[in-house]
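Taking it in order: structure first as structure tokens, then the write-up.
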Amino acid sequence: MNYLLKAVSLGAVMAAGLATAEPSGTFRQAHDYGFGEKSSLDPSSPGRIQWITEKIMNRLVSPDLAGIPEADLATEWSANAEATEWTFKLREGVTFHDGSTLDAADVIYTFERILDPDGTSPARSALKMIESVSMVDDMTVKMSLNTPFADMPLQLMDYRMRIIPDGSGDMIGETGIGTGPFKVEKYEADGTTVLVANLDYYKGAPKLARMEIIAISEGQARIQAFLGGQTDMYRYVTAQERVLLDRSDKYNVQVIPTGNWRGLVFRTDVEPFTDARVRKAVRLAADRQEIVDLVYGGGAVVACDTPVEPNDQYRADLKCPQDIEQAKALLAEAGYPDGIDVDVHVSTLEPSWSNLAVVYQEQAAKAGIRVNVVQAPSDGYWNAIWMNKTVSATRWNERPADQALHEIYLSSARWNESFYKDEGFDTLLATARRELDFGKRKALYAKAQAHLLETAGTLIPIHVTKIVGVNARVKNVDAVKREAIRWHLIEVD
Amino acid sequence: MLRMLLRRCFLGAVTVAIVSAIIFLGVELLPGDACTAFLERDAKGQMLENCRKDFGLDRPALTRYFEWAGNALQGDLGMSASGRKSIAELVGHRMKNSLLLAAVSLSVGVPMAIFLGVITGLWRDRPIDLFFSTVAILAMTIPEFVSATVLILIFSVWLGWLPGIIVTSASAPASEFFPEILLPVFVLAMVMMAHILRMVRSSVIEVMAGDYIQMATLKGVPYWRIVFSHALPNALLPAINVVALTIAWLLGGVVVIEVVFNYPGLGRMMIDAISDRDLPVVQAIALIVASVYVGVNLTADILTMVANPRLRTLNMRGG
């Protein structure tokens, strides 16, 4: 009898052991359905649902856990001496969810589609340096650039540049065919999208059998769903909510520094901010550590007006303590001994803006900068307030160092929100892009950031730290940015 | 009777038309449109123009309004702003879900409310009346989103008995909404019961004090026979209107409840469409909701008239 029991239980254990080798369990996550009716599985469209595309598609190059470029669909890459031509060798034997095999045609199609001037892809601005993409052989592509660019692999880590099958553009928004660890079983943008394990994933079959990506447009409902155990991960935990999660053993908390920043933009083409001294004064007046503590409850890292994120290899080591005396002196020197009056426009679009403006108001008052906080409607904020009013709040999601500096500070940049025009700065960036030696390149980018700290019109006091809640039943979630999470390793009990 | 009926129907149609015009105007007045909402930071220059052209937003508002209204009269609600799905199809599932929520809430709430209303009315000022009346006032005054959040906290987060948020697809069959639907039903039933209960209670009290009830009592008719055959038929008449209002309220998309619980009904769809600036969808839902509201109230009025001859003649003279 005893033996029989043992045999049965042994069998059960073995069966269980076998079962864990198969993908099992369902992981649930909510998305905010932020693009509404225009939501799409097309990774480079304005309506892409990144919560889904990141699990079903791959890039040529993706960030490793430290954010450094790592081989993904491209196995190796090299540049010519001028850094104007980049060659990428593609991974052999990778198949798309529809069974077709990845080759150079798919990659060329993907990039030409993003670069199409008549297309709507917002990723195009990040690839402006590409002149053409061509085939070297079946498994090798070459990108010819119109400017030297030493950090091309970094640029290709962009979350929107996911490879789709040749010619699939008209359908990709619905089918979501990619090479990723999960494939789309049922797509429903405003409901529950079901993903199932892609057993042929080139890094190995996922541990999870299924993922459900659920549209919950209401922020409060999203956190409730997470607290109630209906979703497994919540990536927008606030400092206040964190206390709640820390007290319970039902959830684990991850703290992840990010490159997302919030700040105030002073237009450099409007009086009095045409004067670099005034711009420096308004930024010197900010006590950044106090902003971290008061506005973000400690969930942020001080930034010295650089958009480059704290953990980026190109982040300059800068100091920027509050200096009221110098701020006053600079204002007096610029012809404003009695200080200046500033209308700072904010809206509830970004929850922290109002607090940021009010704390800054207090700090700046000491330097004779009289801040009047103006609440603008969230509707049409980007259209009517930002880049229109003299001073407005801004927020950006992280970008590679070069991209951030180019997209927002270059004289000719489309999103030059502070209308910053500085030839010396433009030259620094151009030189850095050309420089293939990492050490020298790093020094040039650092110089560019130091230059911003002297002259920029944008006050960037902080980079936000992300607090992520994960249900305790979920294992092996990398405590890194979404960009780098290895989704195929996640398991659930 | 027929003339009055027609007149009521005509007035209803006019109401719906006015409502649709007001909604259209309201959405037009908002800063930003479908394109600025969609493109965000990209909403500048050529890209914005192209987008507006694609969505037909470059034409005058009046033209767009009449074109839409004309089609809607023929039953064609058009396509959503992105032009990918027909609104009739989108609205279909949502309508079904809102109906489901309304039906379950009503079937729980109305019988309970009437029962408790009669009890509290008959036992006026006794402990049982005081208890339920106080609870009713509380249920009426606490905003739905507060009671919803508190219930989610208790039953979903702390006790883990019921799912707090609905994660079922809009197109799923009704049976799949259980047990997720229970918490929203609970909240809705509570608010709804409070209103109906108070109405029925005061009506019962009024009727029980009437001359004919006293007459019946003097004649020696047993108490429960008086209640059931004399008092209740008269006391419940006014309740028809309250119930109708409640039905209209429920079918009109209980926006707050649907959003808080992520319930895929008309209300949530409306909110999503508004933040999308999806004008065609917003207008279509507004039209449907207004029609339902007017229709249900019309039906209730007619029912009341049929059941109460006095109202009928009164209205005849007036009209």
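Chain A is the first sequence line, chain B the second, and so forth, proteins listed ahead of strands; every chain is numbered from 1.
Contact annotation for A:L227: both backbone and side-chain heavy atoms come within less than 4.5 Å of a heavy atom of chain B. The part of A:Y33 that comes within reach of chain B is its side chain, from C-beta onward, which places non-hydrogen atoms under 4.5 angstrom from that chain. With a threshold of 4.5 angstrom between heavy atoms, A:A225 approaches chain B through its backbone and through its side chain. Both the backbone and the side chain of B:V167 have a heavy atom closer than 4.5 Å to some heavy atom of chain A. Contact annotation for B:L162: neither backbone nor side-chain heavy atoms come within less than 4.5 Å of a heavy atom of chain A. If you measure heavy-atom distances from B:P264 to chain A, you find no contacts under 4.5 Å at all.
No more than 12 heavy atoms of other residues, nucleotides or ligands lie within 6.0 Å of NZ in A:K389, so this atom counts as exposed by the packing criterion. Atom CZ of B:F186 is surrounded by 12 or fewer heavy atoms from other residues, nucleotides or ligands within 6.0 Å.
The NE2 atom of B:H93 lies 10.0 Å from the CG atom of A:D190; values are rounded to the nearest 0.5 Å. For the atom pair OG1 of A:T192 and CD1 of B:I166, the computed distance is 11.5 Å after rounding to the nearest 0.5 Å. The CD atom of A:E212 sits 8.5 Å away from atom OG of B:S169, with the distance rounded to the nearest 0.5 Å. Here the CG-CG distance, from A:N383 to B:L48, works out to 6.5 Å after rounding to the nearest 0.5 Å.
Scanning both residues, A:S217 and B:N262, for their nearest heavy atoms gives N-OD1, 3.9 Å. The shortest heavy-atom contact between B:G164 and A:Q230 is N-OE1, 3.2 Å. Across all their heavy atoms, A:A215 and B:R268 have their closest contact at O-NH2, 3.9 Å. In plain terms, the two heavy atoms of B:V157 and A:G228 that are nearest each other are CG2-N, 4.0 Å. Counting all heavy atoms, side chain and backbone alike, A:Q224 lies closest to B:I165 at CB-CD1, 3.8 Å.
Annotation: side chain of B:V256 is not in contact with side chain of A:E218 (no heavy-atom distance under 4.5 Å).
In terms of heavy-atom pairs under 4.5 angstrom with chain B, the leader among A:E188, A:K186, A:M387, A:R28 is A:E188. Contact count versus chain B (heavy atoms, under 4.5 Å) is highest, among A:A30, A:S378, A:S125, A:A221, for A:A221.
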